[in-house]
Structures are given as structure tokens and as C-alpha cells.
Amino acid sequence: MPTLTIDGKRVTVEAGTNLVEAARLAGIEIPVFCYHPHLSIAANCRMCLVRLTVGGQPAPKPVPACQTVAADGMVVDASSDEVKKLRQAILEFILLNHPLDCPICDKAGECDLQDNYFKHSNRPARVEAADKEQKDKRVALGPRIVYDGERCILCTRCVRFMSEVAKDSQLGTLRRGDRSVISTAPGQQFDHPYSVNTVDICPVGALTDVEFRFKQRSWFLRPTPSICGGCARGCNIHIDVSALDNRVYRIRPRLNDAVNGPWMCDDGRLSIRETDDGRLATPRLRRGGSADLATAIAAAAERLKPFHGAEEMALAISAGVTCEDAFAAALLAQRLLDPGRVAVIGRPDWQGDAFLRLADRNANRLGVTEVLKALGLDARMAPAPALLEAMERGEVKALLAIGNPWPVADGDRVAAAIRELEASVALLSHDDAVAAAVDVALPIAGLAEQDGTYLNATCRLQRVRPARGWPSAPRGVSEGTGASGVPAAVQPAWSIVRALAGASGSPLGSSTLSELFGLMAAQVPRFGGLSLDAIPPEGVPLAGETRAPRCVGDWAQQYR
């Protein structure tokens, strides 16, 4: 392991570490534009130039720190006046044709060019705006990406990502000199399912996401670390909520090399559309319209009471709810409902790939099935389609459903079967055909409000955190909301289940999420010895974890 000196600080690093990373370990920043730790080295922006002394002999000229590997005894000058002048010159060159777009640019507030300018130059320009090279702006490279040629500094991060990570070279550098631009092949679109990652790694505002473009300023957004609910991979994400209106404006990947690295698929980002659209905001009785939460819970308990312990009673739990939600429902089933049938429902499979996206579109199937197995409900489990067919044959007369999706394309078929039941209660985040069909529909938290844990398909337990309180009421909905416009009836699923158990005369005994997790950890062997508050940001690898993309385990697979 080489030991070197950077600006007077000695640091020992792993063999093969470049000077940019070595400086970070020493607490020294070397500014970069083209360098990215998950991409190959291009060394074309020259922003990271440093002076070097090796074996007592100074290098004849400045070297790029990103491309220079640390060596034993090396002395690096990263902050002398000479190096600072080099950076000022590079910044002036990069800004030579850059437009004065900061007031309208989506990247403003989180732009590497802005940050580096104020840290390392902060000098007035010597070029008039009228003399700058004019390039095409608002170029639609594809359905998700808009390109601004004038803002582009040609770092080629996007080109390298598509070639090296996405393995599909849809982007390239065209033309030469100051007329160079990033583009696709003639007549082709930039339509890769991981295309928006190029927006994340773009150091300036050259590439923008159509979904976020001109929607909100970055300094109004509060990022919350959480987990994507789009598939069983469980990509680590940031959910960005505006402090102005409490709405989710962006979902971005969060670095976790054990799960998704710094990347995520475009479809996972599009789950932002589900955070507010179509939400169930207030409890609903099929024969009585809207009701307050206490009335609706009492009605739900009354509807299900005659079927406690009956073979015709069924419990359906979504593979997208948290482990804690599933555990609360399983406790209710074990202590009170004693259903004849149990099924794990969820969204139908989609096309997976060899990178991150798994075929199972449900974030917590493995966690839900582990909980049901541990509480002895696995003997009653059947695939969700079999439960639906039993409902249609009249073999099921009462249903408690936790979560929205059913793994069939025809939602009307599910709703029609539910309408024929003698008693039906559903805890739902969204207002869909099922919500209209059940006797009692109770609103629960969605992606942006969930708190708890997911167990992804690679056996890693990860923490889901709420990005906001409860959502602002949908447009036109005001009844039942507080002064802040927040629907008071929207609660986490486990809290609603707890209230339902209390109304049925069988309290669950856990009043907080941490207490519920502790109870779950004591009864589910896979979670034994764990504490909710001790789960680190990168999650906890459990027995059998693998980083290879794969479907869920055989035990869970048979109940899909």
C-alpha cells in the first residue's frame, strides 16, 4: 500500500488508487468535471491538474490527478498558487462559450460548474455574451432527455455511461472543436431504459429530465433516503419533496454498491407519478359514502366479525407493503381472523434485464413471505390467481386485503369478484376498482410516506423512510383534512391493522414501529437480533445474500 504526501498530509491508500481519490481520503478536494468513480478515466477536462514530485524529481508539467496512480513516496501539490492559476485558466476556457442560463437552469443549486467556479475562480468573464458560440438548445434526444448544446462542457460522462454501464452506445460526440455536441446516430432516439442516469452524472445542466424539467428549484427540495418500490431489486434512492407544497418532484438513485451502485432504471423514477395521482384520501363505505376513520374501522371490524375462524375467510397481503405491515396483518390473522386462505398479491411481472431490473415488480415479496412463513400461515397459502378463482366460485365469502395491486391485468375482474362477497375490507393507498368494490376502503401510506423495512430479492434488509408526513389532499378533496391540507385518515398500514385489531377486541400490543419491529425480530428467524434503528443506510445483508440479479427464492416463487 503506497504512502504519499498531498499538500503536506501523509496518506496511505490501496494500490491502484488515483490521486483524486487519495486526496479525498486525506480530506483534500481536487475539483473534477469528467471524472466519475464508476466510469473509465477520460482526463479531458483537465480541471484536476496538479504538480507532482516523484523520487525527489518534479514532473516536467502538470498532470491530471484522475489519471495518475498514487505511488509510494510521491509528493503532490494540489493547492499552490501555480495550481490555482491552472484551475482558473481551465474554468475560463470551459466558460468561454457557456451561456448565462443559471436563473432558468434545472441544475442550478447542484451544479458542479457553479460550485467549482465560486470555489476556484470567481473572476469576471473577459468574453461578451454576444461573442459566444451558438448551439442548438432544447434538443429532444429521446422521450425522456432534453439536451442543451450550449451548456455542455463535453465531459463525455454520458457517452461513457452508455458504452460502459448500459452497454448500448446510443450517444456519441459529433463534430470537432468548439462546435462539438453530444448526439445520437442520425435518425436514432436516445430511448434506453436507463437513460436518465445521464442526467444524474451530467456535471452541468446540459442533459435534463423531461419529468422534472422546469418543475421545481433544487434548493426547495428535501431529499430523504429510502428504497424504490418498483421491483424486487430494492434500489437505494433519494425522494425529493418540495418544502413549498409537500409534493414529490424527483426520485434519484442513492449510492449503494451492494445493491444498485449509483444507478437506477427510468421506470423506477416514474413511480413518482403514483405518489399523488389517484390516491385514496378518506375512508369510504360502499353503502354509506365517505366516513371518518374511527367509524370506518368500526364498520370494518363489524363486517369481518362473523367470519373469524371460518374457512371462507381469506387474507390477501400485497408484496409491496413493508415487513412491519405484513407482520401486523399476520398477527391479526394468527390471533383473531384465522383465515382459511392466505395469498400474497402484487403487480404482475414485467420484462427484467441483466442489469438492475428484476422481473418481479414488487419490492418486498421475500419479506412478506418470510413473515407469513414464520407465523405459521404458509400452510394456508395459495397463489393469488387461485384465490381469485375461489372468490369467483363462491368458496370465499369474506376478504381482508392489505395493499392495492392484484397480479392480473383485468382489475375489473377482481372488483366483480369482490362485489359478490358477503364482507370485504381493503387497506389501500390508491383509489382503484377494488376501492370502489369493497364494503370498507381504508387509506394507507404510499411510497413517499412509508416507514419500515423491505427485504429485497438478494436477501438484504433495507430501511424505508417517509419523505413527508401524509400527502397533500388531491385537487378537489378537502373534507377530512387538517389545517395543513393533510388527510388525517391516511395512516401506515400497520397502524390501521392495529386499530382494526383493537376494534375487534384483540389488541396487537405494539404502539410504535420500533416496538413492532422488535416483536417481529423475536418471531421471524431471518430478522433475529436486529433493531430497526440500528439498520445502516446501506442495509443489512442476511444469510444467503447475493449481488447477482435473480428472481426471488423458490419458496416465495411458488406462491406467485
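Computed over heavy atoms, backbone and side chain alike; hydrogens, waters and symmetry mates excluded. What you see is a predicted model, and the numbers here were worked out from it, not measured in a lab.
- Scanning for side chain to side chain contact (heavy atoms under 4.5 Å, CB included) contacts around S218 gives E110, with sequence neighbours left out.
- Note on residues 2-34: no pairs pass ring-ring contact (aromatic ring centres under 6.0 Å, His included), not counting sequence neighbours.
- For the 3.5 Å distance criterion, the side chains of T3 and T12 qualify, holding a donor opposite an acceptor.
- In this structure the side chain of V32 never reaches within 4.5 angstrom of the side chain of C45, judged on heavy atoms.
- Electrostatic pairing of R357 and D267 counts as a salt bridge here, judged by a charged N lying under 4.0 Å from a carboxylate O.
- V196 is listed as a side-chain neighbour of I145, based on a closest heavy-atom distance under 4.5 Å.
- The aromatic rings of F527 and F517 lie parallel to each other, with less than 30° between the two planes, well short of the 60° mark.
- Within the 4.5 Å cutoff, the side chain of V165 has no heavy atoms near those of the H38 side chain.
- Side chains of M47 and R87 form a contact here, defined as non-hydrogen atoms less than 4.5 Å apart.
- Between R463 and I227, every side-chain heavy-atom pair lies at or beyond the 4.5 Å cut-off.
- For the residue pair D533 / S531, no side-chain donor-acceptor distance below 3.5 Å is found, with atom types taken as modelled.
- Between the side chains of E324 and T453, a donor-acceptor pair is found at a separation under 3.5 Å.
- Among residue pairs with one or both ends in residues 190-208, those qualifying as side chain to side chain donor-acceptor pair (under 3.5 Å) are Q170-D191, Y194-D353, S195-D266, N197-R269, D200-R269, T208-R213; sequence neighbours excluded.
- Residues passing the side chain to side chain contact (heavy atoms under 4.5 Å, CB included) test with L244, sequence neighbours excluded: Q216, F220, S242.
- Between D325 and N364 the shortest side-chain heavy-atom distance does not fall below 4.5 Å.
- At least one donor-acceptor pair closer than 3.5 Å links the side chain of N456 to the backbone N or O of R460.
- With hydrogens and angles ignored, the 3.5 Å screen pairs a side-chain donor or acceptor of T68 with a backbone N or O of P64.
- Within the 4.5 Å cutoff, no side-chain heavy atoms of T5 are placed close to those of T53.
- The two atoms that bring C152 and I182 nearest to each other are SG-CG1, 3.8 Å, heavy atoms only.
- Judged by distance alone, the side chains of Q462 and N236 do bring a donor and an acceptor atom under 3.5 Å apart.
- Of the possible polar contacts, none joining the K132 side chain to the P99 backbone as a donor-acceptor pair under 3.5 Å is found.
- For the residue pair E21/Y35, the side-chain donor-acceptor check at 3.5 Å is satisfied.
- Partners of A319 according to the side chain to side chain contact (heavy atoms under 4.5 Å, CB included) rule, which considers only residues two or more places apart in sequence or in another chain, are V344, N362, R365.
- Neither side chain, Q450 nor T322, offers a donor N or O lying under 3.5 Å from an acceptor on the other.
- Shown here for I104 and F214, the closest heavy-atom pair between the two residues is O-CE2, 3.2 Å.
- When the side chain to side chain contact (heavy atoms under 4.5 Å, CB included) test is applied to S429, the partners found at least two apart in sequence or on another chain are R279, N404, I444.
- Ion pairing between R126 and E92 holds under the 4.0 Å rule for side-chain N and carboxylate O.
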